[in-house]
Amino acid sequence: MGSRMAKRIAPEELRSNRWFGAENFTGFSHRSRMKQVGYRQEDFVGKPVIAIVNTWSEINPCHTHLRERAEAVKRGVWQAGGFPVEIPAFSITETYMKPSPMLYRNLLAMDTEEALRSLPVDGAVLMGGCDKTTPGLLMGAISMNIPAIYLPAGPMLRGNWRGQPLGSGTDLRKFWTERCAGTLSEEDWNSMEAGIARSPGFCMTMGTASTMTALSEALGMTLPGASSIPAVDSNHTRLAIGSGDRIVEMVWEDLKPSDILTRSAFENAITVDMAIAGSTNAIIHLVALAGRSGFDLDLRFFDQISQRVPVLANIRPSGAFLMEDFYYAGGLPALMAEIKDLLHLGCVTVNGKNLGENLSSATRINSEVIRGRDNPLQPTGGTAILYGSLAPNGAVLKTSAADPRFLRHTGPAVVFRNYDDVESRLNSDDLSVAEDSVLVLQNAGPLGGPGMPEWGMLPIPKKLLTRGVRDMVRISDARMSGTAYGTCVLHVSPESYVGGPLALVENGDQIRLDAENRTLDLLVSPEELARRRAQWVKPAPKYQRGYGALYLERVTQAHKGCDFDFLNRQAPTPEPAIH
Ligand code: FES
């Protein structure tokens with residue numbers, strides 16, 4: 001590792017030259033079609049052809065500005081002597097896509113990889129930000145392995161309600177809880193609707209979007225400082241131009257994802273994930289991204305790093321501020337500079353410099369928003385990986401977002417067979433539940449959901465809410481929004497749909513959570529569990545055809561990153577023949 005030896009490829013070595021450079025029938029055909037669009041030969045032959053992979057869509061509110069930003073990227077590409085082509089990609093919108101946007105992350109990854117492979121492009125600027133778009137775009141680009149740079153959409157501005165800053169997701173949940181408890185009027189609730197998301201950009205809490213864009217920067221796949229710039233700040237337009245400018249040079253240097261995404265780069269990303277108290281979803285995505293890069297990330301590795309990294313980002317849901325504040329405080333470079341000694345500074349990044357060089361001028365401007373090592377929000381990382389008889393392959397708990405009282409807890413299970421069961425019984429007067437109960441949700445995993453929906457922050461039953469209860473232990477094989485909070489044990493693996501121990505839990509079983517010792521156990525005898533297993537019946541699959549059926553057949557479990565098994569393979573995929 002360290003500074004990369006300068007290498008230059010010649011124009012005739014460009015990948016696009018296979019399409020445009022040949023003096024034969026095929027070359028004629030390819031060139032004539034560019035001329036059909038109105039380009040001159042010298043515009044595109046012998047120049048790096050840059051795909052601007054754009055997840056803009058009118059139905060994706062987090063990406064509404066990306067069409068405009070693509071024009072800025074094009075300016076950068078033209079000015080650097082490249083040839084830009086905008087390519088639409090499947091736009092995964094967290095807000096609207098059902099049954100779960102996670103079902104479609106791998107589809108975006110396939111879309112990205114195959115578009116880059118099948119078309120005459122030499123490099124790519126990947127434009128995304130809403131939760132699954134970051135990992136989806138990066139997974140595809142890693143597998144294609146041509147020079148690529150990630151351009152995060154940027155967070156929304158702070159929400160505002162009667163002068164009070166609101167965080168998307170986090171405050172929605174917080175105030176909905178109060179609405180259910182009867183402590184917030186209908187008028188107040190309705191008036192928040194127009195203030196909680198008031199600009200383009202992704203969720204401005206430290207949810208999955210802000211986490212994944214931060215981790216793409218920590219991995220070295222964005223320009224320095226890119227992940228925290230608010231979507232509507234004019235610096236974001238300049239970032240887009242800079243990304244377009246830089247990708248052209250990356251093509252000449254042949255700087256590919258495989259040069260950047262080393263095991264050390266992934267270790268940096270996990271370290272940063274812990275220091276920002278990132279979304280639990282990041283664990284699944286990082287495992288998948290590493291798998292595409294040829295590395296196996298064991299969940300225990302996350303836990304080891306978590307135990308040596310303090311939480312420094314004071315951002316909701318674990319902290320008090322929002323991403324706009326984080327940007328003004330110095331952004332991710334300032335946070336990374338504070339944990340320099342825990343990072344591999346020799347890792348190469350997309351700007352051709354190593355991480356240490358990029359951090360040399362980082363300044364922490366607000367020490368309340370980005371805490372110092374002497375005053376962390378939490379002394380160790382915000383994520384614990386649990387193992388035990390209830391989760392033989394692991395489960396995840398965001399300790400920074402949990403009520404400390406529950407981090408060591410034993411209580412009786414209240415079991416819901418699926419989410420329909422939650423909706424029909426959770427608030428019924430007959431539900432036998434107390435504050436020390438452990439709510440258990442089955443059949444919400446990768447296959448059972450399907451698509452592992454974000455149902456893991458199970459609502460507190462109304463009868464407890466009205467008594468003032470705001471947190472309790474909840475366990476599922478689902479995921480949880482990065483903007484959510486509470487003592488929610490997630491990603492239990494193997495999931496209940498495939499017969500994991502979670503499938504065998506019954507009402508009244510004692511469950512023991514011990515976050516300090518990283519254990520999660522079902523206190524039921526092996527004999528009784530064997531009896532239940534013999535009677536267990538696998539639920540019927542939700543899909544018989546189409547993408548859903550492919551997903552059910554080939555998706556891996558949570559601890560393996562929920563990638564498709566055939567995409568994770570390291571076997572080379574041939575370049576297309578040009579005829
Ligand atoms: Fe797009 Fe939250 S809905 S990031």
Side-chain angles (χ1 to χ4, degrees), residues 54-67 69 89-105 108 126-138 150-159 165-176 192-217 222 226-232 236 273 276-282 284-285 313 315-318 322-324 326-327 332 398 401 451-457 479-485:
N54 196 348
T55 51
W56 172 88
S57 158
E58 277 181 342
I59 195 75
N60 191 337
C62 303
H63 294 184
T64 49
H65 58 308
L66 291 189
R67 195 169 230 187
R69 288 300 176 279
F90 186 56
S91 188
I92 304 177
T93 163
E94 202 64 23
T95 308
Y96 299 116
M97 206 160 261
K98 311 295 178 195
S100 164
M102 183 62 177
L103 188 71
Y104 297 107
R105 182 200 64 182
L108 173 59
L126 311 164
M127 298 177 73
C130 192
D131 294 17
K132 309 304 175 291
T133 56
T134 302
L137 289 163
L138 287 174
Y150 190 62
L151 172 58
M156 294 176 221
L157 297 178
R158 288 183 206 98
L166 289 184
S168 47
T170 303
D171 286 314
L172 168 66
R173 287 183 180 81
K174 187 176 120 192
F175 287 111
W176 176 240
M192 265 177 218
E193 207 169 277
I196 200 160
R198 62 186 187 93
S199 84
F202 51 73
C203 291
M204 70 322 227
T205 42
M206 192 54 82
T208 305
S210 297
T211 302
M212 288 311 300
T213 48
L215 301 192
S216 64
E217 183 173 338
T222 75
S227 63
S228 341
I229 303 175
V232 294
H236 194 269
D273 185 29
I276 61 176
S279 160
T280 44
N281 287 324
I284 294 179
H285 298 318
I315 309 294
R316 297 177 208 182
S318 300
L322 295 166
M323 287 304 290
E324 194 181 340
F326 188 68
Y327 174 58
L332 197 70
K398 188 167 180 172
M452 219 180 166
E454 291 185 336
W455 293 334
M457 183 190 172
R479 295 175 302 115
M480 173 173 92
S481 163
T483 62
Y485 49 87

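In each ligand, atom 1 is the first atom listed, and ligand 1 is the first ligand listed.
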Checklist entry - What protein atoms of element N, O or S are positioned under 2.8 Å from atom 2 (Fe) of ligand 1? => result C203 SG
Checklist entry - When rounded to the nearest 0.5 angstrom, what distance separates OG in S279 from CE in M212? => result 8.5 Å
Next on the checklist: Main chain of G456, side chain of R479: is a donor-acceptor contact present, judged purely on distance under 3.5 Å?
Outcome noted: no
Checklist entry - So does R67 have more than 12 non-hydrogen atoms from other groups sitting under 6.0 Å from CZ? => result no
Item to check | Within-4.5 Å side-chain heavy-atom neighbours: I284 and R105 | outcome: yes
Checklist entry - Judged by atom type as modelled, is there a donor-acceptor pair below 3.5 Å linking the side chain of S210 to the main-chain atoms of T205? => result yes
Item to check | Listed partners of H65 passing side chain to side chain donor-acceptor pair (under 3.5 Å), at least two apart | outcome: none
